[in-house]
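Taking it in order: structure first as structure tokens, then the write-up.
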Amino acid sequence: MSKNYLLIVEGKKTEPNVFECAFERYGFRVEKGKEPLNITDVGQFEKIEFSLNQNNVVIIQGPRNRIHDFLLLIENEDVVVEKLFKYQYAFFNSIFLIYDVDHNDCEDIEKMFNYFNDETTSGLLLLSSPCIEVLEDYNRERREETYHKIEEYKKDINIYWNGLAQDNLLANFESTMLHFLEKNQKDFAENNIMEHPRLIIDKINKLNERVNCSDKEKSYVRYRYFSTVVYVAIANANGLTKEIDNYSKACEFFENKKQ
């Protein structure tokens with residue numbers, strides 16, 4: 001029997017394109033939502049045709065494009081998380097929220113994970129520091145970098161890759177996943193990669209320095225930690241995380257899938 005997985009992503013283009021290509025090459029049927037996640041339309045996923053012969057991945061943009069704004073939605077409109085995702089039980093085996101660290105405060109990041117810390121119920125938050133584009137920057141050992149806006153980091157990456165950053169990522173996707181798997185296992189000393197989404201938060205909040213100024217244009221983040229845990233969604237959907245000691249199995253999978 002086929003299984004269904006939901007990826008709630010922050011961006012409109014980069015995340016959907018990257019994960020569509022990745023999951024399709026691993027044999028999944030991918031459906032990209034045309035509209036952002038609607039927190040009031042409980043029948044939103046009833047409109048999607050799920051394959052019975054393939055495992056399905058649905059990729060849809062989240063209701064807000066930053067963690068801080070997502071939290072405001074939940075808190076200011078008194079939306080209960082269980083209500084927000086109550087319809088997922090009928091459709092999805094696992095839910096993953098793929099969001100950027102960006103310039104979000106430490107408190108917001110921790111609060112977001114408190115809401116979204118279980119892939120089978122509310123959904124599991126998978127962070128990239130500073131943003132999903134860190135995937136395109138895997139082959140450089142980054143040192144301390146200061147950015148007033150995250151676009152400065154993205155521009156730097158595109159210059160480095162002569163405007164072909166995403167093409168290079170897709171061509172070297174498995175090597176990229178292996179790079180961050182190995183980096184995080186070294187940093188976390190944890191062979192259960194399902195624990196990595198929780199452990200990355202501590203590193204992000206300890207190593208990245210946020211400076212908020214009264215003039216928001218002058219606010220900046222000094223990034224000292226460049227990493228991601230998006231490989232968790234792929235490993236989970238491919239059935240690699242059933243055992244607690246699963247790091248080696250995930251590495252073997254990506255090594256065997258190298259193009």
Side-chain angles (χ1 to χ4, degrees), residues 6-12 14-16 36-40 59-85 88 95-119 121-135 137 142 144-154 180 184 187-188 194-233:
L6 174 62
L7 267 61
I8 300 169
V9 299
E10 182 173 357
K12 292 182 180 180
T14 302
E15 291 96 327
L37 181 69
N38 189 331
I39 64 171
T40 60
I59 304 174
I60 190 165
Q61 188 181 15
R64 289 290 189 273
N65 65 358
R66 290 184 75 245
I67 286 174
H68 181 73
D69 297 325
F70 200 155
L71 289 172
L72 288 178
L73 174 73
I74 294 172
E75 293 164 358
N76 290 355
E77 297 186 16
D78 197 28
V79 177
V80 179
V81 174
E82 286 77 8
K83 181 182 179 182
L84 182 64
F85 290 101
Q88 74 91 8
I95 292 178
F96 296 98
L97 291 86
I98 297 176
Y99 272 74
D100 298 341
V101 168
D102 203 339
H103 277 35
N104 290 286
D105 290 334
C106 299
E107 184 180 343
D108 280 348
I109 292 172
E110 291 173 355
K111 192 181 294 185
M112 186 76 168
F113 191 78
N114 286 337
Y115 281 128
F116 303 106
N117 56 22
D118 187 333
E119 73 279 3
T121 54
S122 60
L124 181 60
L125 176 65
L126 305 181
L127 290 171
S128 300
S129 177
C131 56
I132 193 68
E133 281 79 6
V134 75
L135 290 171
D137 202 29
R142 280 284 186 174
E144 182 179 291
E145 298 278 3
T146 298
Y147 298 108
H148 290 86
K149 294 183 178 180
I150 203 67
E151 285 76 15
E152 297 167 7
Y153 173 66
K154 297 176 183 179
F180 287 110
N184 289 339
D187 286 347
F188 306 151
M194 297 305 294
E195 291 294 319
H196 289 188
R198 174 181 61 84
L199 294 169
I200 197 175
I201 292 171
D202 185 52
K203 288 283 186 181
I204 289 166
N205 286 348
K206 278 185 178 178
L207 298 178
N208 291 345
E209 178 186 352
R210 298 162 179 82
V211 178
N212 295 314
C213 304
S214 55
D215 182 352
K216 290 186 178 181
E217 290 296 315
K218 295 181 180 179
S219 298
Y220 63 89
V221 178
R222 186 168 290 121
Y223 290 101
R224 300 187 181 94
Y225 192 67
F226 298 82
S227 194
T228 183
V229 289
V230 297
Y231 52 78
V232 169

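Any value given below was found using the heavy atoms of this structure, including those in side chains, with hydrogens, waters and symmetry copies removed. None of these values were measured; they are calculated from a predicted model.
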Please work out which of the three classes, parallel, tilted or perpendicular, describes the rings of Phe116 and Phe70, given edges at 30° and 60°. tilted
What orientation do Tyr147 and Tyr223 show, parallel under 30°, tilted 30 to 60°, or perpendicular over 60°? tilted
Let's go through Tyr225 and Val101 carefully: what are the C-alpha distance in whole Å and the side-chain angles of both, what is the deciding distance for side chain to side chain contact (heavy atoms under 4.5 Å, CB included) to 0.1 Å, and is it a yes or a no? CA-CA 11 Å; Tyr225 192 67; Val101 168; over 6 Å; no
Working note: Tyr153 + Val221, criterion side chain to side chain contact (heavy atoms under 4.5 Å, CB included); need CA distance, chi angles, decisive distance, verdict. CA-CA 11 Å; Tyr153 173 66; Val221 178; over 6 Å; no
For the atom pair [atom1] ([X]) and [atom2] ([Y]), what is the distance rounded to the nearest 0.5 Å?
{"X": "Glu145", "Y": "Asn208", "atom1": "CD", "atom2": "CG", "result": "11.5 Å"}
{"X": "Thr228", "Y": "Glu133", "atom1": "OG1", "atom2": "CD", "result": "10.5 Å"}
{"X": "Ile200", "Y": "Ser129", "atom1": "CD1", "atom2": "OG", "result": "6.5 Å"}
{"X": "Arg210", "Y": "His103", "atom1": "CZ", "atom2": "NE2", "result": "9.5 Å"}
{"X": "Leu127", "Y": "Ile109", "atom1": "CG", "atom2": "CD1", "result": "6.0 Å"}
{"X": "Arg66", "Y": "Glu10", "atom1": "CZ", "atom2": "CD", "result": "8.0 Å"}

Walk me through it: do Lys154 and Glu151 pass the test salt bridge (Lys or Arg N to Asp or Glu O under 4.0 Å)? CA-CA 5 Å; Lys154 297 176 183 179; Glu151 285 76 15; 5.1 Å; no
Using side chain to side chain contact (heavy atoms under 4.5 Å, CB included), reason through Ile132 and Val134 one step at a time and then give a plain yes or no. CA-CA 5 Å; Ile132 193 68; Val134 75; over 6 Å; no
What do you reckon, is CD of Glu107 surrounded by more than 12 foreign heavy atoms closer than 6.0 Å? no
Within the structure provided, determine whether [X] and [Y] are in side-chain contact (heavy-atom separation under 4.5 Å).
{"X": "Leu125", "Y": "Asn117", "answer": "no"}
{"X": "Asp102", "Y": "Pro130", "answer": "no"}
{"X": "Glu15", "Y": "Asp100", "answer": "yes"}
{"X": "Val232", "Y": "Met194", "answer": "yes"}
{"X": "Leu124", "Y": "Ile95", "answer": "no"}
{"X": "Arg142", "Y": "Asp137", "answer": "yes"}

Any donor-acceptor N/O pair, Arg222 side chain to Glu209 backbone, under 3.5 Å: no
Using atom types as modelled and distance alone, determine if a side-chain donor or acceptor of Ser122 lies under 3.5 Å from a backbone N or O of Tyr115. yes
Quick one: do Glu152 and Lys149 make a salt bridge, cutoff under 4.0 Å? no
Please step through salt bridge (Lys or Arg N to Asp or Glu O under 4.0 Å) for the pair Lys111 and Glu75, ending with a clear verdict. CA-CA 11 Å; Lys111 192 181 294 185; Glu75 293 164 358; 3.6 Å; yes
What heavy-atom pair brings Pro16 and Gly11 nearest, and what distance separates the two atoms? CD-O, 3.7 Å
Identify the heavy atoms of Gly62 and Ile8 that sit nearest to each other, and give their distance. CA-CG2, 3.5 Å
Set out, in order, the CA-CA distance, both residues' side-chain angles and the distance that settles side-chain hydrogen bond (donor to acceptor under 3.5 Å, both in side chains) for Asn104 and Tyr99, then state yes or no. CA-CA 11 Å; Asn104 290 286; Tyr99 272 74; over 6 Å; no
For Met112 and Asp108: C-alpha separation, side-chain torsions, deciding distance, then whether side chain to side chain contact (heavy atoms under 4.5 Å, CB included) applies. CA-CA 6 Å; Met112 186 76 168; Asp108 280 348; over 6 Å; no
Indicate whether any N or O donor in one side chain lies under 3.5 Å from an N or O acceptor in the other, for Asn212 and Tyr220. no
Whether the Ser227 and Asp187 side chains hold a donor-acceptor pair (N or O, under 3.5 Å, no angle test) is what I'd like checked. no
